[in-house]
Structures are given as structure tokens and as C-alpha cells.
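Each remark here refers to the structure printed beneath this line.
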2 protein chains.
Amino acid sequence: MPRETPGSARPGWRPSLKDVATLAGVSVMTVSNVVRGAPNVSAATRERVLDVIERVGYVPNSSARNLRAGRSGVVSFAIPAIDNSYFAELARLMMDEAAALGRTVLIEQTKGDRELERRALTGYGPTPTDGLVFYPQALDGAQVSQYAAGRPLVLLGDRGGKGPGDVVTVDNEGGAREAVAHLLATGRRRVAAVGDPRGPGTENSHRRLAGYRTALGQAGLPFDAGLVPAVASYTRAQGEAATGALLDGGQPPDAVFAFNDMLAVGAVHAVLSRGLRVPEDVAVAGFDGTDEARYCNPPLTTVAPDKRGIAREAMRMLGDRITRGDEAPYRTVRMGHQLLVRRSTAGR
Amino acid sequence: MPRETPGSARPGWRPSLKDVATLAGVSVMTVSNVVRGAPNVSAATRERVLDVIERVGYVPNSSARNLRAGRSGVVSFAIPAIDNSYFAELARLMMDEAAALGRTVLIEQTKGDRELERRALTGYGPTPTDGLVFYPQALDGAQVSQYAAGRPLVLLGDRGGKGPGDVVTVDNEGGAREAVAHLLATGRRRVAAVGDPRGPGTENSHRRLAGYRTALGQAGLPFDAGLVPAVASYTRAQGEAATGALLDGGQPPDAVFAFNDMLAVGAVHAVLSRGLRVPEDVAVAGFDGTDEARYCNPPLTTVAPDKRGIAREAMRMLGDRITRGDEAPYRTVRMGHQLLVRRSTAGR
DNA sequence: GTGAAAGCGCTAACAG
DNA sequence: CTGTTAGCGCTTTCAC
């Protein structure tokens with residue numbers, strides 16, 4: 001199978017270092033040096049090589065580079081679902097931060113499925129990635145440790161003890177506590193918590209639930225399990241269903257603290273579709289600080305984590321683990337958050 | 001540099017075909033045959049090899065495979081922004097469909113930027129992809145043709161003539177016409193069109209604008225340029241700004257047809273925040289059929305393309321171009337759409 | 001049914 | 001400053 005002569009631009013064919021070298025009358029190493037910007041090339045040679053590169057449209061073959069380097073330059077961002085506004089916004093920021101570090105982000109949807117989470121963690125998918133930023137949902141800490149086994153890993157969200165990787169989180173408990181305290185301060189007394197996953201679920205949810213309980217306790221209110229429905233997923237539909245059931249029950253709430261903005265949007269919908277008003281009859285607060293919450297009607301009060309900061313820190317830490325093969329103890333950084341008070345929780 | 005003996009599981013180290021071969025006492029080719037499921041391996045040998053593979057946790061190195069195959073198994077999905085609900089939902093579906101075909105999707109955000117779109121098209125990014133599904137925004141047809149040059153490509157959205165790739169689209173003009181006709185049928189007479197990009201923008205927008213004009217014409221209404229503000233991007237914020245300016249002007253509209261759901265959500269917000277009512281004072285309709293529109297308050301009337309179908313067709317066509325190196329004439333498929341009538345356009 | 005050889009495109013490590 | 005060598009892990013080809 002004779003190699004095509006350079007210049008024969010059959011679709012799908014791409015010139016290699018060797019082609020450029022032949023055309024420029026130098027060795028492949030010299031071309032390689034030029035391409036990588038190595039210093040040891042004379043100006044004249046560099047010029048000539050660059051000319052050829054330009055002319056034939058040479059582009060390095062990443063597979064070959066990766067094979068050499070033992071790395072792919074790609075990092076995974078493994079999340080439950082990209083059509084959750086919070087993850088969509090976060091993904092955008094992750095991609096920006098990664099690009100600034102010369103990396104590419106591959107989004108993997110785990111859908112809260114054990115097997116898909118396992119596959120993302122082990123990296124035994126079809127595409128090789130150098131590490132991952134992971135938002136666990138189905139797997140618990142021990143399982144994550146087991147599967148990740150030495151892969152560069154940054155976990156998003158609260159983790160109990162030392163995990164198998166660095167951790168970037170926000171004060172989930174504190175944020176939830178502030179939101180619920182705010183609700184109570186506006187005179188609400190029956191505050192529902194929508195988002196308890198039951199079962200393992202994410203540690204984040206557990207912390208938010210803890211914050212809810214703390215706020216109730218500080219206000220001297222009892223915990224009422226009847227105000228804490230289970231949800232199967234963190235979607236608008238589940239928020240509506242769970243809140244709807246609460247409203248249709250004997251003792252409806254006068255406020256809803258939803259564990260994320262999707263659920264909150266669904267909650268608002270449930271309230272309004274029953275002819276009740278937000279916030280007059282039922283106040284609603286969410287968590288995530290998404291743009292969608294801001295443009296909701298009425299605009300949603302929400303706990304807004306520093307998403308930009310989360311993305312920056314996650315990519316930075318992951319990069320350190322990858323390039324330095326860092327064996328340093330795992331670190332946890334806690335990014336700031338802000339309670340954005342909007343009309344959905346105005347006093348009555 | 002002596003190779004590590006198999007079994008020394010230093011983090012980051014992964015066994016190769018050769019390691020497995022050594023351990024199993026066979027050649028690399030036999031292991032390769034087993035791994036790929038080639039038929040010419042005796043049951044006993046296969047068994048032994050599989051044992052070793054299991055034991056050492058062998059996983060094929062994709063870079064090497066790709067280097068050999070000249071393919072990566074990854075396809076790009078190049079879109080303006082992942083935090084636009086429509087693209088987030090579409091991305092989810094694209095990933096599902098791609099997975100069913102044994103491919104992985106790499107999302108690339110072009111942000112409506114010429115250079116980023118060019119880079120996505122040429123595939124000269126850091127990661128090699130076998131082709132792409134592309135939603136153009138800044139580049140016109142000629143430029144797309146020029147840059148894509150022989151790469152497997154599926155274009156999303158209306159394209160004038162024969163493009164440089166297959167096309168999957170919906171009837172943008174028809175959908176827009178139906179939406180506007182519906183608004184007019186409810187008695188509206190000053191229908192604004194929010195989403196004109198001016199300049200090149202997407203052909204989709206131009207088709208939607210054409211549909212708007214057609215509907216007006218069929219109702220015997222004149223086209224009023226004052227009701228067609230320019231927008232800089234297809235975001236909630238731009239929808240609010242453009243609609244707000246219209247409402248604050250001398251001759252406010254009694255209805256808004258927004259070219260996508262993000263703009264429509266912003267439009268609703270602009271109306272409500274001025275103390276006006278949707279739909280009583282101003283009706284609002286969007287385009288995209290996103291879940292967000294459904295949960296908007298009031299729920300948004302919207303033109304819903306068959307997103308699942310779009311994803312399926314796009315991945316199927318792209319796959320054909322990649323595997324068959326298809327030189328067949330480019331095809332255009334038009335997927336169905338549906339006008340979802342909801343409360344935001346109820347008659348008054 | 002199994003294996004040896006060659007090479008995909010690239011770069012680190014050395015010559016010259 | 002430039003070139004030669006070797007090999008990353010895999011699969012196609014062709015012997016045995």
C-alpha cells in the first residue's frame with residue numbers, strides 16, 4: 001500500500017510529520033521541533049518548515065502523540081444529567097477552565113446509574129481520559145475509592161472523611177440552613193424539604209437535609225417527616241410531583257425548600273397550577289443559583305454556589321494530580337455561596 | 001528503562017497486550033484475537049487468556065487502537081452553548097444515540113464565535129474526532145464548505161442549497177408560521193418577532209423570520225420592522241432586554257413570538273416584571289419545545305421539533321459517512337415538529 | 001489455530 | 001543546529 005504522495009488530498013487523508021519533512025528537505029525531528037516550538041532550530045529552517053506546514057495543512061495526530069505521552073489531554077466531567085441547568089452551566093465553566101489549561105472536557109452522563117458511574121470512574125469507557133471531575137450520585141464513598149483506584153480524581157460535593165481524591169465543595173449544610181432560616185424569618189411555619197433521595201443518594205442531599213433540620217431546631221420547630229417527601233430524581237417533574245402530593249395532603253406546607261433549582265421550578269409549578277400563589281400561599285426556595293431560577297416567575301430565591309470558582313479549583317487540582325502524579329494528601333476546598341433572595345420567598 | 005513486571009500495579013500503569021501475552025504464555029496476536037472476539041482461537045486458549053485479562057485488569061489502549069485504525073471513535077457535537085436548554089436536551093439525546101452506535105460524543109462550545117466554529121469544523125482541536133454534528137451560527141454556507149473540506153459532517157438546521165454535508169432539520173418556516181398564525185387566531189394584532197440576529201446568524205433564524213412574515217401576510221397584516229428587534233445572542237437575558245425595550249416603546253406589542261425558548265422565557269419575564277400579564281396583556285410563544293418552557297409560569301406555547309428523531313438521524317447519517325466513507329450525494333432529512341399550545345397564548 | 005514482522009505518527013535520548 | 005534510533009500498544013498481513 002504505497003503512501004500517497006503529499007499533495008494528493010484524498011478526503012480523510014492527512015499529511016504526517018514525515019510528509020512535511022520530505023517536502024521541506026529536513027528530518028522528521030526538525031519538523032517535530034518546529035511544531036512543538038523547541039528552541040534549537042535555525043530561523044531559516046523554521047521558516048521553510050512552517051511554509052510547508054501551512055501549504056499542506058499539516059496538523060499533529062493526537063492519537064500518536066497520546067500514545068507516546070501516555071496521556072490523552074482529555075478529562076471527563078461525569079455528572080448525572082447534562083439537561084439539569086446546574087450541570088449545564090457548570091459544564092460550560094469546566095470547559096472554559098479546562099481550555100485555559102490546554103485540556104479538553106468530555107462530558108459523561110451517569111444518570112444516577114451505578115454501572116455508568118463505575119464505568120466513568122474506572123475510565124474503562126471507549127475513550128481514554130487522563131482523569132475526571134465526578135459528581136457521585138449512586139455510589140458511596142467506599143465504592144468510589146475502590147473503582148477510582150489511583151486515577152486522578154476530583155470529587156464534587158461534600159464527602160465525609162478523606163476520599164480517594166481531592167474534593168471541591170460548598171457548605172451544603174450551611175447554605176440549606178440559611179435558606180430555611182430565611183423562610184422561617186418570613187413567618188413560615190410548615191416548611192417542606194423536597195429532595196430527600198432516601199437510600200444512599202448524594203452526600204450533598206444529606207448535608208442539605210441536615211441544614212434543614214438544624215434551621216428548624218434553631219427556630220424551636222419540630223421535625224415533621226411528613227414534610228420531607230422522597231424524590232426519584234432531581235428533575236422539574238419530580239419537584240412538581242412531590243410538591244403536588246404535599247399540597248394535596250391534609251396538612252399542606254406554607255413553604256418549600258427544594259434541594260436544587262430543578263425541583264424548585266417544579267414546586268412552583270405545582271403550587272401555581274393548584275390556584276395557589278407564590279409566595280403568598282407557599283414560598284419556594286431552591287439551591288444552585290441557576291439562570292433558570294432567576295428567570296422563573298416569580299423569580300426564585302436560591303442558594304448560589306460559586307460555580308466559576310468550583311470549576312477553576314476542580315480543573316486546577318485535577319491538573320496537578322495528572323501532571324505531577326501528585327501523591328500528596330488529598331485536599332478539600334470549600335467554595336463560597338450566597339443566598340440570593342428573590343420574590344419567591346417575599347414575606348406576606 | 002525496564003518495563004515493569006506485570007502485577008506491579010503502580011498507579012497510572014496499565015498492562016498491555018504484551019503483558020497479558022507473557023502471562024498467558026501466548027503471543028500478542030492471540031491475545032488480540034481474543035480481545036476482539038476473532039473466531040480463530042481455540043476454546044482452551046481463549047479461556048486462559050481471558051483469565052489473565054480478568055486478573056490483571058487489562059483494558060485496550062484507545063490511543064494505540066486509534067493510531068492503527070486512523071479513527072478515534074469520537075464525534076463532536078459543536079453547538080453555540082451547552083447552557084441553552086435546547087442544546088442541553090439535544091446533547092443528552094445525541095449522547096444516547098451515539099452510545100448505541102458505539103461512539104462517544106465530545107461537546108464543543110462555539111459561542112457563536114467564527115474562530116471557534118472554524119476550529120470545530122476543521123477538527124484541528126486538541127482532540128481528534130471522526131466527524132461532527134454542527135449547529136452553525138457565525139459561519140455562512142460557503143465558509144462551512146471551505147473549512148469542513150471532506151470531513152464527515154452533519155449540519156443541523158435549514159441550509160439553502162446543497163451543503164458540504166448531510167442536513168437534519170425541521171420545518172423552521174412552517175413551525176414559525178403556525179405559531180404566529182395561532183397568535184393571530186387568538187386575536188392578537190401586534191405580534192413582535194424576537195430573535196432576528198441581523199447579519200449572517202443562522203439560517204434557522206432567517207427561516208423563522210420568513211415564517212413570521214408569511215403568517216402576517218396570510219392574515220393581511222403589514223410587516224412592521226419596529227416589532228422585530230435585533231438580539232445579540234439567544235439567551236434569557238437578551239429575550240428580556242429586547243422585549244423590555246419593545247414594551248417600553250410607544251407602541252407595545254400584544255404578543256411575542258420568540259425564536260427560541262430561552263428568548264421566550266426572557267420575554268415572559270420582561271412582561272411580568274412590568275406589571276403586565278401573560279397572556280392577557282401580552283401572549284408569548286417560543287420555539288424548541290424544551291422542558292423549561294413547559295414548567296414556565298405560565299406554561300409556554302412552543303414549537304417542539306422531534307429532538308429524539310433529530311439526534312437519531314444525525315448520528316446515523318454521520319456514522320454512515322464515517323464508516324462507509326460515503327461519497328453519495330448529501331441528503332437532507334426534515335424531522336417533524338409540533339405546536340404545543342399552552343397557557344401563555346390563551347385567548348383573552 | 002498460532003505467531004512473527006511491520007508500521008500507524010510521534011518524540012525522548014542521544015549522537016554528530 | 002540537525003539527524004538517527006528506538007519504541008509507545010495495537011492490528012493487518014502473511015507464514016507456519
Side-chain angles (χ1 to χ4, degrees), chain A residues 1-4 6 12-50 52-53 56-73 123-124 126-128 130, chain B residues 1-4 6 12-50 52-53 56-73 123-124 126-128 130:
Chain A
M1 180 189 62
R3 178 175 196 87
E4 305 212 27
W13 181 82
R14 276 164 55 154
S16 72
L17 265 193
K18 189 151 71 164
D19 299 316
V20 176
T22 306
L23 250 23
V26 297
S27 77
V28 290
M29 262 325 290
T30 300
V31 180
S32 176
N33 286 332
V34 169
V35 171
R36 288 171 306 135
N40 49 343
V41 183
S42 74
T45 309
R46 160 169 284 115
E47 199 61 29
R48 192 148 38 93
V49 172
L50 285 176
V52 177
I53 286 178
V56 302
Y58 168 77
V59 182
N61 177 313
S62 315
S63 292
R65 266 198 178 162
N66 295 336
L67 178 58
R68 267 296 323 190
R71 292 210 196 108
S72 68
Y124 289 0
T127 308
D130 299 338
Chain B
M1 179 190 62
R3 181 177 193 84
E4 304 214 28
W13 182 83
R14 276 165 54 155
S16 73
L17 265 193
K18 188 151 70 162
D19 299 318
V20 176
T22 308
L23 250 24
V26 296
S27 77
V28 290
M29 261 326 292
T30 301
V31 180
S32 176
N33 286 332
V34 170
V35 170
R36 287 171 306 135
N40 51 344
V41 183
S42 73
T45 309
R46 160 168 285 114
E47 199 62 29
R48 192 148 38 91
V49 171
L50 285 176
V52 177
I53 287 178
V56 302
Y58 168 76
V59 182
N61 177 314
S62 315
S63 292
R65 259 197 183 161
N66 296 336
L67 177 56
R68 264 306 319 197
R71 291 209 198 109
S72 67
Y124 290 0
T127 308
D130 299 338

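Letters go in sequence order (proteins before strands), and every chain restarts at 1. A quick note: this is a predicted structure, and the numbers were derived from the prediction, not measured.
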Test side chain to side chain contact (heavy atoms under 4.5 Å, CB included), reference A/Y58, set A/L23, A/V52, A/V35, output is A/V35

Starting at the 5' end of DNA chain C and moving along, which residue's nearest nucleotide shows up first, B/A64 or B/N40?
-> B/N40

Has [X] got a side-chain N or O lying under 4.0 Å from the OP1 or OP2 atom of [N]?
{"X": "A/R36", "N": "C/dA12", "answer": "yes"}
{"X": "A/S42", "N": "D/dC1", "answer": "no"}
{"X": "B/S27", "N": "C/dT2", "answer": "no"}
{"X": "B/R65", "N": "D/dT11", "answer": "yes"}
{"X": "B/S32", "N": "D/dC10", "answer": "no"}
{"X": "B/S16", "N": "D/dC8", "answer": "no"}

Sugar-phosphate, base or nothing in reach of B/S63, heavy atoms under 4.0 Å = nothing

Would you mind classifying the nucleic acid contact of A/R68 as base, sugar-phosphate or nothing, using non-hydrogen atoms under 4.0 angstrom?
-> base

Selected nucleotide, minimal atom distance to A/M29 side chain, candidates D/dG3, D/dT13, C/dC10 | D/dG3

What's the [atom1]-[atom2] distance between [X] and [N], to the nearest Å?
{"X": "A/N61", "N": "C/dG9", "atom1": "CG", "atom2": "P", "value": "7 Å"}
{"X": "A/L67", "N": "C/dT11", "atom1": "CG", "atom2": "P", "value": "11 Å"}
{"X": "B/R71", "N": "D/dT11", "atom1": "CZ", "atom2": "P", "value": "14 Å"}
{"X": "A/L17", "N": "C/dT11", "atom1": "CG", "atom2": "P", "value": "6 Å"}
{"X": "A/E47", "N": "D/dC1", "atom1": "CD", "atom2": "C1'", "value": "17 Å"}
{"X": "A/N66", "N": "C/dC8", "atom1": "CG", "atom2": "P", "value": "18 Å"}
{"X": "A/K18", "N": "D/dT5", "atom1": "NZ", "atom2": "P", "value": "13 Å"}

So CZ of B/R71 and OG of B/S62: to nearest 0.5 Å the spacing works out to 15.0 Å

Keeping the roles fixed (side chain from A/R46, backbone from A/S42), state whether a donor-acceptor pair exists under 3.5 Å.
-> no

When you measure from the side chain of B/N33 to the backbone N and O of B/V41, does any donor-acceptor pair fall under 3.5 Å?
-> no

Of B/A69 and A/T30, the one whose closest nucleotide on DNA chain D sits nearer the 5' end is A/T30

Chi angles and distances behind the side chain to side chain donor-acceptor pair (under 3.5 Å) call for B/T22, B/D19 = CA-CA 5 Å; B/T22 308; B/D19 299 318; 5.5 Å; no

